[in-house]
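What follows is a short report on a single structure.
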Amino acid sequence: MSQADITFINMCKDILENGTSTEGEKVRPHWEDGTPAYTIKKFGVVNRYDLRKEFPIMTLRKTALKSATDEILWIWQQKSNNIHDLHSHIWDEWADENGSIGKAYGYQLGVKHQYKEGLMDQVDRVIYDLKNNPFSRRIMTNIYVHQDLHEMNLYPCAYSMTFNVTQRKGEDKLTLNAVLNQRSQDVLAANNWNVVQYSVLVHMLAQVCDMYVGELVHVIADAHIYDRHVDLIKELISREPLPAPKFWLNPEVKDFYKFTRDDVKVEDYVTGPQILNIPIAI
């Protein structure tokens with residue numbers, strides 16, 4: 001059975017059984033009808049995924065791999081902050097009349113910074129270091145830029161990636177590991193979506209840097225289940241996990257900027273029924 005499902009089920013049970021409620025607090029999120037969107041939350045959730053053993057896509061319900069990949073490429077490859085560059089509508093709520101989400105996400109990764117080696121943006125710096133200084137403990141990105149927060153239509157949720165390379169005994173190729181830091185997460189709507197897209201990112205970077213994939217460690221400061229999601233979550237985690245599918249990444253692509261959403265797929269991906277019309281707090 002899928003280890004990603006087991007991890008998700010255990011996390012949700014822990015939040016429901018041991019989390020704290022924000023009901024009655026002054027909360028920013030609200031539902032479309034104006035009602036405050038309260039949550040049951042758990043602080044400091046840490047989940048580990050061994051990408052060499054399994055691609056961590058949920059089988060309890062379907063996660064849209066190509067759409068998740070499209071969004072991560074929108075941020076990391078196109079370095080865009082405009083929803084017109086996306087093939088989905090998940091960011092429409094936070095876009096202005098021109099389609100911009102402000103100086104957020106892809107915008108920050110595209111800003112060039114002066115390094116000893118010259119001008120580079122954060123993504124190019126990561127790729128440069130993975131190829132030239134793989135054992136550095138300084139290979140990381142950060143898009144939570146305080147001076148630009150007032151010009152972001154949504155503060156970054158997944159805001160930092162830290163990459164760490166290891167050398168396994170008996171192997172010539174190095175192994176790429178990563179830590180994803182997230183300040184806040186809507187568990188039902190976004191947990192596996194984020195896990196899948198950053199797993200794809202690690203696979204892509206490992207391939208273009210001629211490395212094996214290793215672990216993705218996901219750190220969530222505030223992992224929460226919204227009040228209107230509780231029954232949906234209880235039904236979801238009551239389902240039987242199915243075998244994990246096989247992940248395929250186009251082996252011909254050796255340049256990160258040449259990947260497209262069509263270069264990924266999962267084989268033998270069988271899932272439980274989709275949950276439709278999930279209410280999203282705004």
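In this text, all values refer to a predicted model and were calculated from it rather than measured experimentally.
- In terms of modelled atom types and a separation under 3.5 Å, the side chain of His84 and the main chain of Asn82 share no donor-acceptor contact.
- You'll find the side chain of Leu242 stays beyond 4.5 Å of the side chain of Ser2, heavy atoms only.
- Ring planes of Phe247 and His203: tilted class, angle from 30 to 60°.
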Give the C-alpha distance, both sets of side-chain angles, the deciding distance and a yes or no for side chain to side chain donor-acceptor pair (under 3.5 Å) between Asn98 and Ser100. CA-CA 6 Å; Asn98 299 313; Ser100 172; over 6 Å; no
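- Shortest non-hydrogen contact noted between Pro243 and Thr59 is O-CG2, 3.7 Å.
- Residues Val111 and Val145 do not share a hydrophobic cluster, defined by chaining ILVMFWY side chains whose heavy atoms lie under 4.5 Å apart.
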Check against side chain to side chain donor-acceptor pair (under 3.5 Å), Asn192 and Thr63: CA-CA 7 Å; Asn192 196 240; Thr63 296; 2.7 Å; yes
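- A side chain to side chain contact (heavy atoms under 4.5 Å, CB included) with Leu201 holds for exactly one of Ile72, Leu216, Ile75; it is Ile72.
- Remark: Arg228 CZ to Ile278 CD1 distance equals 14.5 Å, nearest 0.5 Å.
- Using bins of under 30°, 30° to 60° and over 60° for the plane-to-plane angle, the ring pair Tyr226/Trp31 lands in the perpendicular bin.
- From Asn164, atom CG reaches atom CD of Glu215 across 10.5 Å, with rounding to the nearest 0.5 Å.
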side-chain contact (heavy atoms from CB on, under 4.5 Å) assessment of Glu252 paired with Lys258: CA-CA 10 Å; Glu252 301 299 319; Lys258 294 294 198 303; over 6 Å; no
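- When side chains are defined from C-beta on, Met152 does not count as touching Tyr107, because their heavy atoms never get closer than 4.5 Å.
- Considering every non-hydrogen atom in both Met161 and Ala178, the closest pair reads CE-CB, 3.7 Å.
- Surrounding NZ of Lys254 are more than 12 heavy atoms belonging to other residues, nucleotides or ligands, all under 6.0 Å away.
- Counting non-hydrogen atoms of neighbouring residues, nucleotides and ligands closer than 6.0 angstrom, the CZ atom of Phe43 reaches no more than 12 such neighbours.
- The shortest distance between side-chain heavy atoms of Val123 and Thr141 does not fall below 4.5 Å.
- Considering only heavy atoms from C-beta on, Met11 comes within 4.5 Å of Asn47 through its side chain.
- Distance check, rounded to the nearest 0.5 Å: CD1 of Ile40 to CG of Asp14 gives 12.0 Å.
- The hydrophobic clustering, which links ILVMFWY residues whose side-chain heavy atoms are closer than 4.5 Å, places Val208 and Leu249 together.
- Val219 and Ile225 are members of different hydrophobic clusters when ILVMFWY side chains are connected at heavy-atom separations under 4.5 Å.
- Hydrophobic clustering places Val253 together with Leu205 (ILVMFWY residues linked when any side-chain heavy atoms are closer than 4.5 Å, directly or through intermediates).
- Looking at Thr22, its side chain never comes within 3.5 Å of a backbone N or O of Glu25 through a donor-acceptor pair.
- Only one option out of Tyr105, Trp91, Phe259 pairs with Trp74 in a ring pair (Phe, Tyr, Trp, His ring centres under 6.0 Å); it is Trp91.
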Hey, mind stepping through Asp186 and Trp193 against side-chain contact (heavy atoms from CB on, under 4.5 Å) and telling me if it holds? CA-CA 10 Å; Asp186 176 342; Trp193 176 273; over 6 Å; no
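- The 12-atom threshold is not exceeded at CG of Asn277, counting heavy atoms of other residues, nucleotides or ligands nearer than 6.0 Å.
- No side-chain donor-acceptor contact under 3.5 Å links Gln3 to the backbone of Tyr49.
- In plain terms, the two heavy atoms of Val187 and Cys12 that are nearest each other are CG1-SG, 3.8 Å.
- By the 4.5 Å heavy-atom criterion applied to side chains, Lys131 and Cys209 are counted as neighbours.
- Other residues, nucleotides and ligands place no more than 12 heavy atoms under 6.0 Å from the CG atom of Asp231.
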Dump the intermediate steps for side-chain contact (heavy atoms from CB on, under 4.5 Å) on Ile220 and Asn191, then the final yes or no. CA-CA 10 Å; Ile220 312 168; Asn191 180 262; 3.9 Å; yes
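- Enclosure of atom CD in Glu151 by more than 12 non-hydrogen atoms of other residues, nucleotides or ligands within 6.0 angstrom is indicated.
- Annotation: Lys173, atom NZ; neighbour count of heavy atoms from other residues, nucleotides and ligands within 6.0 Å is above 12.
- Using modelled atom types, no side-chain atom of Gln185 and backbone atom of Cys157 make a donor-acceptor pair closer than 3.5 Å.
- At least one donor-acceptor pair closer than 3.5 Å links the side chain of Asn153 to the backbone N or O of Trp94.
- Without hydrogens or angle criteria, Asp148 side chain to Lys103 main chain gives no donor-acceptor distance under 3.5 Å.
- Going from atom CE of Met204 over to atom CD of Gln77 covers 7.5 Å, rounded to the nearest 0.5 Å.
- For the pair Val217/Asn177, no side-chain contact is recorded, criterion being any heavy-atom separation below 4.5 Å from C-beta on.
- Judged purely by atom type and a 3.5 angstrom limit, Arg183 uses its side chain to pair as donor or acceptor with the backbone of Tyr155.
- Heavy atoms of other residues, nucleotides or ligands lying less than 6.0 angstrom from NZ of Lys62 number 12 at most.
- Side-chain contact between Pro134 and Met211: present, with at least one pair of heavy atoms (C-beta onward) separated by less than 4.5 Å.
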Assess the residue pair Val195 and Phe8 against the criterion (side-chain contact (heavy atoms from CB on, under 4.5 Å)); give the C-alpha distance rounded to whole Å, side-chain angles, the decisive distance to 0.1 Å, and a yes or no. CA-CA 11 Å; Val195 170; Phe8 181 84; over 6 Å; no
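- With rounding to the nearest 0.5 Å, the separation of CD1 in Ile275 from CD1 in Ile233 is 7.0 Å.
- In this structure, the side chain of Gln167 engages the main chain of Glu171 through a donor-acceptor pair within 3.5 Å.
- Note: the hydrophobic cluster containing Tyr269 does not contain Trp248 (ILVMFWY, side chain heavy atoms under 4.5 Å, direct or indirect links).
- Looking at Arg61 and Gln274, their side chains come closer than 4.5 Å, going by heavy atoms from C-beta outward.
- The two atoms that bring Pro273 and Arg239 nearest to each other are O-NH1, 2.6 Å, heavy atoms only.
- Across Ala4 and Ile57, no two heavy atoms sit closer than the pair CB-N, 4.2 Å.
- Partner of Leu176 under the side chain to side chain contact (heavy atoms under 4.5 Å, CB included) criterion, chosen from Val213, Thr166, Val165: Val165.
- For the residue pair Asp129/Ser136, the side-chain donor-acceptor check at 3.5 Å is not satisfied.
- At distances below 3.5 Å, not a single donor-acceptor pair connects side-chain atoms of Gln197 with backbone N or O atoms of Glu71.
- Residue Asp255 places its CG atom among more than 12 non-hydrogen atoms of other residues, nucleotides or ligands, all under 6.0 Å distant.
- Asp92 CG to Ile83 CD1: the interatomic distance, rounded to the nearest 0.5 Å, is 4.0 Å.
- For the residue pair Pro156 and Leu149, the shortest heavy atom distance occurs at CD-CD2, 4.4 Å.
- For the pair Arg125 (side chain) and Met120 (backbone), a donor-acceptor distance under 3.5 Å is absent.
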